[in-house]
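What follows is a short report on a single structure.
From a predicted model like this one, the values you see are computed outputs, not experimental measurements.
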Amino acid sequence: WRHLGRTAPRGTLPGTGDPRARTMRESVELIRRSTARMKALIEDLLELERLEAKSFPLDVQPVESRDLLEDAVTDAQPLADAKHISLVLDLSDPPKIDADPNRISQVLSNLLGNAIKFTPEGGTVTLCARPRDEALSVTITDTGRGIAPEDLAHIFDRYWRPKGSEGEGTGLGLYIARGIVEAHGGRVWAESSPQGATLVFTLPLEPRRD
């Protein structure tokens, strides 16, 4: 029996061995990444405009902080897995709080993503939450290189980025996270040691009254 089908020219077979197909996949991935970066930039600029116009919307409602924290770790797990980073959740009776769940999830996503970004492969990022002094205190600790002493007072500034990462991100993520926390009546700050960095934010257990 003779095979009567047409044979594709060498180097043009479909599948993983096709150089043109591989080039196309790489181009599509490049476009996808560029689109994601552009979308993130636009969203950050819109958030910045709302913050500075004092028109930052909050949909405050009673929420279980445990659910927010557990969901944040679940969402961040693929990022951690990609760098073989252990992601640890340490909770002790996290209380119900009055907050905008979407906005607080945004804060958690930003801080966890930042910690994972600056933690080397094989490191650990720990999310810890405790009720303390009429507030929920949340800490994100990593085993990265830490924060230079001269930078500690500036990491939540608008457009601030650590040295050596000028081409990464917008420099607005931590600034927006601070705005969200402060809009809830909380505080946010950073600490550092030779063992890594710790970002802390608090949320009052009683809703903010304006």
Side-chain angles (χ1 to χ4, degrees), residues 40 43-44 46-81 85-119 123-144 147 152 155-158 172-193 195-210:
E43 290 175 349
D44 283 351
L46 289 172
E47 295 283 51
L48 175 63
E49 182 180 357
R50 295 188 189 103
L51 277 174
E52 299 197 335
K54 307 298 182 183
S55 61
F56 203 68
L58 290 179
D59 180 17
V60 176
Q61 55 190 275
V63 293
E64 293 289 348
S65 59
R66 176 182 293 275
D67 293 342
L68 290 178
L69 297 162
E70 289 178 346
D71 288 348
V73 168
T74 298
D75 292 344
Q77 193 65 58
L79 289 175
D81 290 344
I85 288 172
S86 298
L87 194 52
V88 178
L89 180 61
D90 179 7
L91 304 180
S92 178
D93 299 321
K96 180 177 286 189
I97 58 174
D98 288 287
D100 183 328
N102 292 326
R103 292 298 190 181
I104 298 305
S105 293
Q106 185 179 350
V107 172
L108 290 166
S109 175
N110 189 295
L111 299 188
L112 282 171
N114 197 72
I116 292 169
K117 177 179 178 180
F118 291 106
T119 298
T124 301
V125 172
T126 302
L127 173 61
C128 176
R130 298 283 188 274
R132 184 172 294 129
D133 299 329
E134 303 301 320
L136 174 66
S137 176
V138 180
T139 62
I140 293 98
T141 304
D142 64 53
T143 55
I147 304 168
L152 273 175
I155 70 166
F156 292 99
D157 290 352
R158 182 176 54 179
L172 289 172
L174 293 180
Y175 177 80
I176 292 169
R178 184 182 71 177
I180 293 172
V181 170
E182 291 179 349
H184 281 80
R187 297 175 55 235
V188 61
W189 67 92
E191 301 170 354
S192 188
S193 74
Q195 288 74 45
T198 298
L199 300 182
V200 187
F201 72 91
T202 64
L203 295 171
L205 297 185
E206 291 295 328
R208 182 172 182 168
R209 305 296 184 187
D210 293 324

Donor-acceptor contact present, side-chain [X] to main-chain [Y], <3.5 Å:
X	Y	result
Ser86	Thr124	no
Asp100	Asn102	yes
Asp142	Ala197	yes

Reported [atom1]-to-[atom2] distance for the pair [X] and [Y], which is rounded to 0.5 angstrom:
X	Y	atom1	atom2	result
Glu134	Leu203	CD	CG	14.0 Å
Ser105	Asn110	OG	CG	12.5 Å
Ile104	Leu68	CD1	CG	7.5 Å

Under the side chain to side chain contact (heavy atoms under 4.5 Å, CB included) test against [X], which residue among [options] passes?
X	options	value
Leu87	Leu127, Asp81, Leu112, Leu79	Leu112
Phe201	Thr139, Ile180, Leu108	Leu108
Leu111	Leu174, Ile116, Val125	Leu174

Side chains of Thr198 and Thr141, donor plus acceptor under 3.5 Å: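 Indeed, the side chains of Thr198 and Thr141 share at least one donor-acceptor pair under 3.5 Å.
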Intermediate values then yes/no, side chain to side chain contact (heavy atoms under 4.5 Å, CB included), Ile147 and Ile155: CA-CA 9 Å; Ile147 304 168; Ile155 70 166; 4.0 Å; yes
Residue pairs involving residues 60-76 (criterion side chain to side chain donor-acceptor pair (under 3.5 Å); sequence neighbours excluded):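 Every pair satisfying side chain to side chain donor-acceptor pair (under 3.5 Å) with a residue in residues 60-76: Asp59-Gln61.
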Shortest non-hydrogen contact from [X] toward [Y]:
X	Y	value
Ala183	Leu58	O-CD1, 3.5 Å
Leu136	Pro95	CD1-CD, 3.7 Å
Val63	Lys96	O-CG, 3.2 Å
Leu199	Phe156	CD2-CZ, 4.2 Å
Thr119	Ile85	O-CD1, 3.5 Å
Leu91	Ala129	CD2-CB, 3.8 Å

From CA spacing to verdict: side chain to side chain contact (heavy atoms under 4.5 Å, CB included), Thr202, Asp133: CA-CA 10 Å; Thr202 64; Asp133 299 329; over 6 Å; no
Close side-chain approach of Arg130 and Asp90, heavy atoms under 4.5 Å: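 Of all side-chain heavy-atom pairs linking Asp90 with Arg130, at least one is under 4.5 Å.
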